[in-house]
Amino acid sequence: MTLRLHDSAAGAVRDFVPLQPGRVGVYVCGATPQGSPHLGHVRAQVAFDVLRRWLTATGHEVTLVRNVTDIDDKILAKAAEAGVPWWAHAYRFERDFAAAYDALGVLPPTVEPRATGHVPEMVELIGRLVERGHAYPAADGSGDVYFDVRSWPQYGELTHQDLADMEPAADADPRGKRDPRDFALWKGAKPTEPASASWPTPWGRGRPGWHLECSAMAGRYLGGRFDIHGGGLDLRFPHHENEQAQSRAAGDGFAQYWLHNHFVTMAGEKMSKSLGNVLGIPNLLREHRAVVLRYYLVSAHYRTALEYSGTSLVEAEAAYSRLEGFVRRTAERVGPHVAPGEVPAEFAAAMDDDLATPAALASLHEVARRGNQALADGTDEQLLTAYRQVRAGLGVLGLDPLSEPWVSRAGTSDAARDALDVLVRARLEERAAARAARDFATADAVRDSLKNAGIVIEDTSTGARWTLEGEQ
RNA sequence: GGUGGAGUGGCCGAGAGGUUAGGCAGCGGCCUGCAAAGCCGUCCACACGGGUUCGAAUCCCGUCUCCACCUCCA
């Protein structure tokens, strides 16, 4: 079985063949930290985190580059509005994004370069483009440098559009452009903008246009040609189209596969600030466990819209708890040293089929069902097989409750939990004695009082087990 | 105008010519002192109208509706 991925450039699912066997270079568009992260931002990173984990699980060494575009028009505008330096504004939100990704169990990328740290690479890239006749300094003396789309016949190939059908780009004053669809590689410094937001170049002081930073940083860390470029569907045009045009026009092969994730929607519409339907990560985490958010995001295929409703996360909690409960109950039975094994064959097939996480999860639910049967009246071997498979599959999805980061995030320290365990066990013994004496009023009173404290009791064949509410 | 995508059971969400997707919720049962958890069963849907086919949610034609990008955007 080989991995097949949907390549937006081809408009089709293709067999994935890395440029070098066993090694995969991935570039994922990260944040432009002009505001707080919402569920949609995090969906993208979770999607590519799953890709990365699956590649790793299938024996690839992955280099994942995720940029931070820490300077752009909006950052400058919002920082000015807030009365803070643009770099302080960008860094503040960069930290919020990092916190959100960490919370959701997104593995850190191999490197997380910032646009502002790569101006020399950008200047070099522009130089190559000018030299090859694909870029030119604006005629109006603004200091802008534009990409000449008409000099690049393949322009539009990524998004299958004809130059003739495109609307003009409005990312800069069109006066200096040869063609209204030309886009800015570099933006000349303006007197109204902070001096700290410009860098010297052969074409004058200025700052990067959008798009350029990704080409420059992908080249720096992954080379001129690399395997996979990922990002949100809304980045296909103009961002990714322009990245590809400028890199290829400069002589780089650039990305071999383009992956785009779809949106989180509400009432069918994309989550976005302008619509006012954004769900901020910190708010969601106040109400729901991060692992449940992640389960929710993984429960739909990355290329389809994920509809959010008020009950979505409650349902995700129930669904995840089912798998989590099986894992935890089994771990209590078999001990802490049983490691995850191989993923079920159906799981692997689903993942190889363009990361079909819904089918992959379905396979885990089925294995968990068999595991639950085994837990009740099966053999140890049946139970262990199911346990290893479910944990392995959950691990690939970043959802294994007994692996990092979740295992360290029980919400209480080990010492506190141990202390609580002693106290709860004492009460459970009281309850067991009462039950043995058929004094059910006392037994139920113990259970109720624990329940009121947020401790849930389940009777099992081997005695009562307790969990904190909201965990399994 | 151009490009791409979608309409599936109460909800989320797969599938893509013939077999139960899966989960949540509901209902019935088993288990339990009662619960909880779990298990079994049930609920058998594919926007609309035609057509092809032994057979279509899946293919073809037409219609309607919605979404995304072309402007910042995961």
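Reminder, nothing fancy here: chain letters follow the sequence lines and each chain counts from 1. No experiment lies behind these values; they were computed from the predicted model shown.
Within the structure, every side-chain polar atom (N or O) of A/Gln161 is placed at least 4.0 Å from both OP1 and OP2 of B/rG4. Proximity of A/His41 to the phosphate of B/rA74: a side-chain N or O atom is located under 4.0 Å from OP1 or OP2. OP1 or OP2 of B/rC69 has at least one side-chain nitrogen or oxygen of A/Lys270 nearer than 4.0 Å. Remark: A/Arg369 is in phosphate contact with B/rC40, judged by side-chain N or O atoms under 4.0 Å from OP1 or OP2.
At a threshold of 4.0 angstrom between heavy atoms, the contacts of A/Ala376 with the nucleic acid are absent. Within 4.0 Å (heavy atoms only), A/Thr304 reaches sugar-phosphate atoms of the nucleic acid but no base atom. Heavy atoms of A/Arg303 sit nowhere under 4.0 angstrom from any nucleic acid atom. Nucleic acid contact for A/Asp162: none, since no nucleic acid atom lies under 4.0 Å from a heavy atom of the residue. Using a 4.0 Å heavy-atom cutoff across all strands shown, A/Ile457 reaches at least one base atom of the nucleic acid. Using a 4.0 Å heavy-atom cutoff across all strands shown, A/His262 reaches at least one base atom of the nucleic acid. Here A/Glu307 lies in heavy-atom contact (under 4.0 Å) with sugar-phosphate atoms only. Counting any heavy atom pair closer than 4.0 Å across all strands shown, A/Arg431 reaches a base atom. As judged by a 4.0 angstrom heavy-atom cut-off over every strand, A/Asp459 is placed among the base-contacting residues. Residue contacts shown for A/Glu366 are limited to sugar-phosphate atoms, with no base heavy atom under 4.0 Å away. Base engagement by A/His38 is indicated by at least one non-hydrogen atom pair under 4.0 Å involving a base atom. Note on A/Ala164: nothing from the nucleic acid sits closer than 4.0 angstrom, heavy atoms only. A/Gly268 comes within contact range of the sugar-phosphate backbone alone, with a heavy-atom separation under 4.0 Å but no base atom that close. When heavy atoms are screened at a 4.0 angstrom cut-off, A/Val264 is found touching base atoms of the nucleic acid.
In the model, A/Arg322 has no side-chain atom that pairs as donor or acceptor with a side-chain atom of A/Asn372 under 3.5 Å.
Checking B/rA74, B/rA21, B/rG23 against every side-chain atom of A/Ala362, the shortest atom distance belongs to B/rA21. Between B/rG33, B/rG13, B/rA36, one nucleotide has an atom nearer to the side chain of A/Val456 than all others, and that is B/rA36. Which of B/rG38, B/rC70, B/rG13 sits closest to the side chain of A/Arg329 comes down to B/rG38. Taking only side-chain atoms of A/Phe440, from C-beta outward, the nucleotide of B/rA14, B/rG33, B/rU3 with the closest atom is B/rG33. You'll find that the side chain of A/Phe237 is closest to B/rC69, out of B/rA36, B/rC69, B/rG38. Closest to the side chain of A/Glu458, from the set B/rA36, B/rC34, B/rG13, is B/rA36. Ranking B/rA68, B/rC24, B/rG22 by closeness to the A/Phe263 side chain, first place goes to B/rA68.
With a cut-off of 3.5 Å on both Watson-Crick or G-U wobble distances, the partner of B/rU42 is given as B/rG26. The base-pairing partner of B/rU63, taking Watson-Crick or G-U wobble contacts with both distances under 3.5 Å, is B/rA47. With a cut-off of 3.5 Å on both Watson-Crick or G-U wobble distances, the partner of B/rA74 is given as none. Using Watson-Crick or G-U wobble geometry with both donor-acceptor distances under 3.5 Å, B/rU3 finds its partner in B/rA68. In this structure, B/rG9 makes no Watson-Crick or G-U wobble pair, since no nucleotide meets both defining distances under 3.5 angstrom. Pair assignment for B/rC54: B/rG18, on the basis of Watson-Crick or G-U wobble contacts that are both within less than 3.5 Å.
Here B/rG5 presents its P atom at 8 Å from NE2 of A/His6, a figure rounded to the nearest Å. The nearest whole Å value for the distance from the CZ atom in A/Phe93 to the P atom in B/rA74 is 14 Å. Here the C1' atom of nucleotide B/rG10 and the CD atom of A/Glu315 are 10 Å apart, to the nearest Å. Remark: C1' of B/rA35 and CD1 of A/Ile455 are 17 Å apart, rounded to the nearest angstrom. Rounded to whole Å, atom C1' of B/rA16 lies 14 Å from atom NE2 of A/His301. Protein atom CG of A/Asn261 is 16 Å distant from nucleotide atom P of B/rA6, rounded to whole Å. Rounded to a whole Å, the CD atom of A/Glu346 is 19 Å from the P atom of B/rU19. Straight-line distance from the CG atom of A/Leu297 to the P atom of B/rA74: 15 Å, rounded to whole Å.
On the P atoms, B/rU3 is 16 Å away from B/rG62, given to the nearest whole Å. Using C1' as the reference atom, B/rC43 and B/rG28 are 11 Å apart when rounded to the nearest Å. Here, B/rA16 and B/rG50 have their P atoms 27 Å apart, quoted to the whole Å. The separation of B/rA74 from B/rA36, taken at their C1' atoms, amounts to 40 Å, rounded to a whole angstrom. A distance of about 23 Å separates the P atoms of B/rA25 and B/rU20, rounded to the whole Å. On the C1' atoms, B/rG49 is 49 Å away from B/rA37, given to the nearest whole Å. Comparing B/rA56 with B/rC70, their P atoms are spaced 42 Å from each other, to the whole Å. Here the separation of B/rC27 from B/rA68, taken at their C1' atoms, is 40 Å to the nearest Å.
Side-chain atoms of A/Val62 and A/Val26, non-hydrogen and from C-beta on, do get closer than 4.5 Å to each other. Residues A/Arg329 and A/Arg465 form a side-chain contact, since some pair of their non-hydrogen atoms from C-beta on lies under 4.5 Å apart. Taking 4.5 Å as the limit, some side-chain heavy atom of A/Leu222 sits within range of a side-chain heavy atom of A/Thr63.
Aromatic ring centres of A/Tyr302 and A/His262: separated by at least 6.0 Å.
Nucleotides of RNA chain B nearest to A/Ala319 and A/Ser312 differ in position, and the one nearer the 5' end is that of A/Ser312. Each of A/Asn372 and A/Arg438 was matched to the nucleotide of RNA chain B holding its nearest heavy atom; the match closer to the 5' end belongs to A/Arg438.
Between the side chain of A/Arg447 and the base of B/rA36, no donor-acceptor pair of N or O atoms lies under 3.5 Å.
Separation of atoms NE2 (A/His239) and CG (A/Leu158) is listed at 11.0 Å; rounding is to 0.5 Å.
Aromatic ring pairs are classed by plane angle as parallel below 30°, tilted from 30° to 60° and perpendicular above 60°; the pair A/Phe183 and A/Phe147 is parallel. Note: A/His260 and A/Trp258 have parallel aromatic rings, judged against thresholds of 30 and 60 degrees for the angle between ring planes.
When each of A/Thr442, A/Asp459, A/Asp444 is tested with A/Arg431 by the rule side-chain hydrogen bond (donor to acceptor under 3.5 Å, both in side chains), just one qualifies, namely A/Asp459.
Geometrically, A/Arg435 does not engage A/Phe440 in a cation-pi contact defined by less than 6.0 Å to the ring centre and at most 45° from the axis.
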